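Contents: one structure, followed by commentary.
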Amino acid sequence: MGSDSEAVKAQEKKKKVAALAPIARPLAGKKLLKKTLKLVRRASEHKCLRRGVKEVVKSIRRGNKGLCVIAGNISPIDVITHVPILCEESDIPYIYVHSKEDLATAGATKRPTCCVLVMTKPTKGELGKEEQEKLISEYNQVASDVTELASSFI
């Protein structure tokens, strides 16, 4: 029985990798993926998250800074091809994750999400000092890992 479930998991992983877009670089590894989705979850709880291509693009153009997390299994790919370029122009780190479903789950929505922008300050209201520090430290750690990973691709 154990080998059957392992075979199913391996098959699911192959499907995920096959569904990835060819431009999905830098792609988060297992450890960075966990950290990134945890950060997205925390940002979602504190209302420091922008979901969807339109909202993310609008937010970046307005000058908001943050970490852009993009799903790698988007079809058609044309929907998100301009987002990494926009991020690079604005000096915003970005990272690809394997699936839009995982990104939606972490962002506390039922609808699959193409990309999210994690910010350190909420759009409305204020965070408690302790919560703000936690979010910022987690954000800085993930952002530095993403920047390090991105520099290895250049």
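It should be emphasised that the depicted structure is a prediction, and the values quoted were computed from it without experimental measurement. Values below: every heavy atom of this structure, side chains too, minus hydrogens, waters and symmetry copies. One is the number of the first residue; the rest follow in order along the sequence.
Between L20 and H98, some side-chain heavy-atom pair lies under the 4.5 Å cut-off. Side chains of V142 and I95 form no contact here, defined as non-hydrogen atoms less than 4.5 Å apart. Residues L67 and I92 form no side-chain contact, since every pair of their non-hydrogen atoms from C-beta on lies 4.5 Å or further apart. Within the 4.5 Å cutoff, the side chain of L135 has heavy atoms near those of the L39 side chain.
Of the possible donor and acceptor atoms, none in the side chain of N64 sits under 3.5 Å from a partner among the backbone N and O of I60. The main-chain N or O of L149 is found under 3.5 Å from a side-chain atom of S152 such that the two form a donor-acceptor pair. Under the 3.5 Å distance criterion, the side-chain polar atoms of N73 are left unmatched by any main-chain donor or acceptor of A21.
Rounding to the nearest 0.5 Å gives a distance of 7.0 Å between CG of L37 and CG of L103. Here the straight-line distance linking atom CD1 of I80 with atom NZ of K100 works out to 10.0 Å at 0.5 Å rounding.
Evaluation of the side chain to side chain contact (heavy atoms under 4.5 Å, CB included) rule for C115 yields V53, V56, I70 as partners, not counting sequence neighbours. Considering only residues two or more places apart in sequence or on other chains, Y94 meets the side chain to side chain donor-acceptor pair (under 3.5 Å) condition with E88. Residues passing the side chain to side chain contact (heavy atoms under 4.5 Å, CB included) test with T81 are I23, I77, sequence neighbours excluded. By the side chain to side chain donor-acceptor pair (under 3.5 Å) test, S44 pairs with R51, sequence neighbours left out. The side chain to side chain donor-acceptor pair (under 3.5 Å) search around Q132 returns none, not counting sequence neighbours. Partners of A24 according to the side chain to side chain contact (heavy atoms under 4.5 Å, CB included) rule, which considers only residues two or more places apart in sequence or in another chain, are Y96.
Between S99 and D102, the side chains place a donor N or O and an acceptor N or O closer than 3.5 Å (distance only, hydrogens not considered).
Each side-chain hydrogen bond (donor to acceptor under 3.5 Å, both in side chains) pair with one or both residues in residues 22-39, not counting sequence neighbours, appears once here: K35-D145. Annotation: salt bridge (Lys or Arg N to Asp or Glu O under 4.0 Å) contacts involving residues 105-114, sequence neighbours excluded, are absent. Within the structure, side-chain hydrogen bond (donor to acceptor under 3.5 Å, both in side chains) contacts touching residues 113-122 (residues at least two apart or in different chains) do not occur. Sequence neighbours left out, the pairs with a member in residues 53-81 that pass salt bridge (Lys or Arg N to Asp or Glu O under 4.0 Å) are R50-E55. Here salt bridge (Lys or Arg N to Asp or Glu O under 4.0 Å) pairs that include residues 129-138, with residues two or more places apart or in two chains, are R42-E138.
Contact between A43 and V118 at its shortest, heavy atoms only, is CB-CG1, 3.7 Å.
Cluster membership check: V79 shares its hydrophobic cluster with L117, using side-chain heavy-atom separations under 4.5 Å among Ile, Leu, Val, Met, Phe, Trp and Tyr.
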